J.: 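Let me begin by handing over the structure; questions about it come next.
Below, all heavy atoms of this structure are taken into account, side chains as well, without hydrogens, waters or symmetry copies. As the structure is a computational prediction, the values presented were derived from the model and not from experiment.
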Amino acid sequence: MSPARRRQALTTAVLTAAVTLLGGCADAGGGKGKDGREPALGPVAANPATSAISLPLDAYTDSAAETRRMDGVQDRLTAQCMARYGFTYEDPSARTGASGDDEDRHRNLFGVADPAQAAAHGYDDTAGGPRTAKPAPPQLTESAAAVLFGTRPGEKVPSGPDPKTQEEADKADSGVEAGGQKVPAGGCLREGYRKLYAPTKDSVDLLFSFGLASEAHTRSQRDSRVAAVLKGWSDCMSKAGYGGVETPYDVTGKLGLEDDKAGPKAVAVAGADVRCKREVNLVGVWAAVETAYQGQLVEEHAETLALYKKQRDARFKLAASLV
């Protein structure tokens, strides 16, 4: 999976898989900070549009446009590596056709929240956004594939070392040669990634800020103020004829909508879901709580985040130099 797809998946999955993965990082005693108390809240907006929500960790994560840009930079670095061995590597991102305004990065953080989206598409969270055509895989000779992936003849995945940083890779021997030259460990694909995201041993993991966002979301779900609006939302859903759901993330599974998220039933349920959220100001309260927990984590990890931001700025400068 490309870095772009991983980041996009994590952005929307912060509330599901990533929460499960990183939930153990949060305190087991509920949604409380290091001092054992729930954090004070700033202003609580009344039913804000998700596009208007700005969270503290947004400053440390790429927007969708920046993600696409970095994908292109990684592809160009990969192409430069392939050129050293006499191969042309076509930039897949140049053929994706991604476009449009998809900067509502929190659209699905609290489940469906936009009345228009619910009425038109129900729970199909892929609808209404820009469509990205899947690029055709490049046609490679065996020797080109060996350079791109760092594989020996007959291998599907490289069996050599897998250094985590370019600094380490410069000293590693992949055991693969092409045209009398050593091929980078993991091939040119891995070199392109390392040069962009992990050039030195102090490189902060690309997904560090997403991990913090996941932890903040886990803490927020345990917060008494979120618990109160979730109960109000659940009671409202029961009155609307959709009982048995305790959180917005349970709806499609518990109400049997997984196979037809945009069908008539899904649209009806989504409409009630959004109305109930608005009745209890679920998005406004939860966003305020989420902001508080993210703010705590930004303070706790200020040194690492400062280094991450410095390295992210360096990536942007690298991108500008490759235009």
J.: Does a salt bridge link Asp173 with Lys182, judged by any charged N lying under 4.0 Å from a carboxylate O?
T.: yes
J.: Are any of the side-chain heavy atoms of Gln80 and Leu322 separated by less than 4.5 Å?
T.: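 Yes, their side chains come closer than 4.5 Å.
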J.: Who are the ring-ring contact (aromatic ring centres under 6.0 Å, His included) partners of Phe316, not counting sequence neighbours?
T.: none
J.: With a 3.5 Å distance limit and no angle check, can you tell me whether Asn281 reaches the backbone of Asn47 through a side-chain donor-acceptor pair?
T.: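 Yes: the side chain of Asn281 pairs with the backbone of Asn47.
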J.: Between the side chains of Arg312 and Asp62, is the shortest nitrogen-to-carboxylate-oxygen separation below 4.0 Å, so that they form an ion pair?
T.: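 Answer for the salt bridge query: yes.
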J.: Do the side chains of Glu168 and Lys164 get close enough for a salt bridge, i.e. N-O under 4.0 angstrom?
T.: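 Salt bridge between Glu168 and Lys164, a charged N being under 4.0 Å from a carboxylate O: no.
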J.: Look at atom CD of Glu246 and say whether more than 12 heavy atoms of other residues, nucleotides or ligands are closer to it than 6.0 Å.
T.: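 Not more than 12 within 6.0 Å, no.
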J.: Side-chain donor-acceptor pair under 3.5 Å between Arg105 and Thr61, yes or no?
T.: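 Thr61 and Arg105 do have a side-chain donor-acceptor pair below 3.5 Å.
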J.: Can you check ring-ring contact (aromatic ring centres under 6.0 Å, His included) on His217 and Trp286, steps first, answer last?
T.: CA-CA 9 Å; His217 195 67; Trp286 203 337; 5.4 Å; yes
J.: Hey, could you give me the CE/OG distance between Met70 and Ser63, rounded to the nearest 0.5 Å?
T.: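 Rounded to the nearest 0.5 Å, the CE-OG separation comes out at 9.5 Å.
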J.: Salt bridge check, Arg190 against Asp162: does any charged N sit closer than 4.0 Å to a carboxylate O?
T.: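 Arg190 and Asp162: salt-bridged.
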J.: Got a second to check how far His301's NE2 is from Gln296's CD, nearest 0.5 Å?
T.: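 Nearest 0.5 Å value for the NE2-CD distance: 10.5 Å.
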J.: Could you tell me whether the side chain of Lys277 and the main chain of Val112 form a donor-acceptor pair under 3.5 Å?
T.: yes
J.: Using only heavy-atom distances, determine whether the side chains of Asp104 and Thr50 contain a donor-acceptor pair under 3.5 Å.
T.: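 Looking only at side-chain atoms, Thr50 and Asp104 do form a donor-acceptor pair, the distance falling under 3.5 Å.
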J.: For Tyr123, run the side chain to side chain donor-acceptor pair (under 3.5 Å) check against Asp273, Asn108, Asp260 and tell me which one passes.
T.: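 Single pass found, and it is Asp273.
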J.: Of all heavy-atom pairs between Ala113 and Val274, which one has the smallest distance, and what is that distance?
T.: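 Scanning both residues, the minimum pair turns out to be O-CG1, 3.6 Å.
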J.: Out of curiosity, does Val269 fall in the hydrophobic cluster containing Val267 (side-chain heavy atoms, cut-off under 4.5 Å, transitive links)?
T.: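 Each belongs to a different hydrophobic cluster.
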J.: May I ask you to test the Ser51-Arg107 pair for a side-chain heavy-atom distance under 4.5 Å?
T.: no
J.: Is the side chain of Tyr308 donor-acceptor paired with the backbone N or O of Leu206 at a distance under 3.5 Å, no angle test?
T.: yes
J.: Looking at Arg219 and Asp223, is any side-chain nitrogen of the basic one under 4.0 Å from a carboxylate oxygen of the acidic one?
T.: no
J.: Keeping the roles fixed (side chain from Glu177, backbone from Val183), state whether a donor-acceptor pair exists under 3.5 Å.
T.: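 The answer is no, because no donor-acceptor pair under 3.5 Å joins these two groups.
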J.: Going by atom types alone, do Thr78 and Glu191 pair a side-chain donor with an acceptor below 3.5 Å?
T.: no
J.: For a quick check under 3.5 Å, do Arg152 and Ser159 share a side-chain donor-acceptor pair by atom type?
T.: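 Present: a donor and an acceptor within the cut-off.
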J.: Looking at Gln294 and Leu55, what are the two nearest heavy atoms and their distance?
T.: OE1-CB, 3.3 Å
J.: Using a strict threshold of under 4.0 Å (side-chain N to carboxylate O), is an ion pair present between Arg315 and Asp313?
T.: no
J.: Is there any disulfide bond (SG atoms under 2.5 Å apart) pair reaching into residues 239-282, and which pairs are they, with sequence neighbours excluded?
T.: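 Sorted result for residues 239-282: Cys236-Cys276.
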J.: Checking side-chain polar atoms at under 3.5 Å, does Glu167 have a donor or acceptor matched by the opposite partner on Thr200?
T.: no
J.: Has Asp202 got more than 12 heavy atoms of other residues, nucleotides or ligands less than 6.0 Å from its CG?
T.: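 Above 12, so yes.
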J.: Drop me the distance from Ser321's OG to Arg76's CZ, to the nearest 0.5 angstrom.
T.: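 Between Ser321 OG and Arg76 CZ, I get 9.0 Å after rounding to 0.5 Å.
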J.: Counting C-beta onward and ignoring hydrogens, is there a side-chain heavy-atom pair between Cys81 and Pro184 closer than 4.5 Å?
T.: yes
J.: For Val73 versus Ala319, what's the shortest heavy-atom pair and its separation?
T.: CG2-CB, 3.3 Å
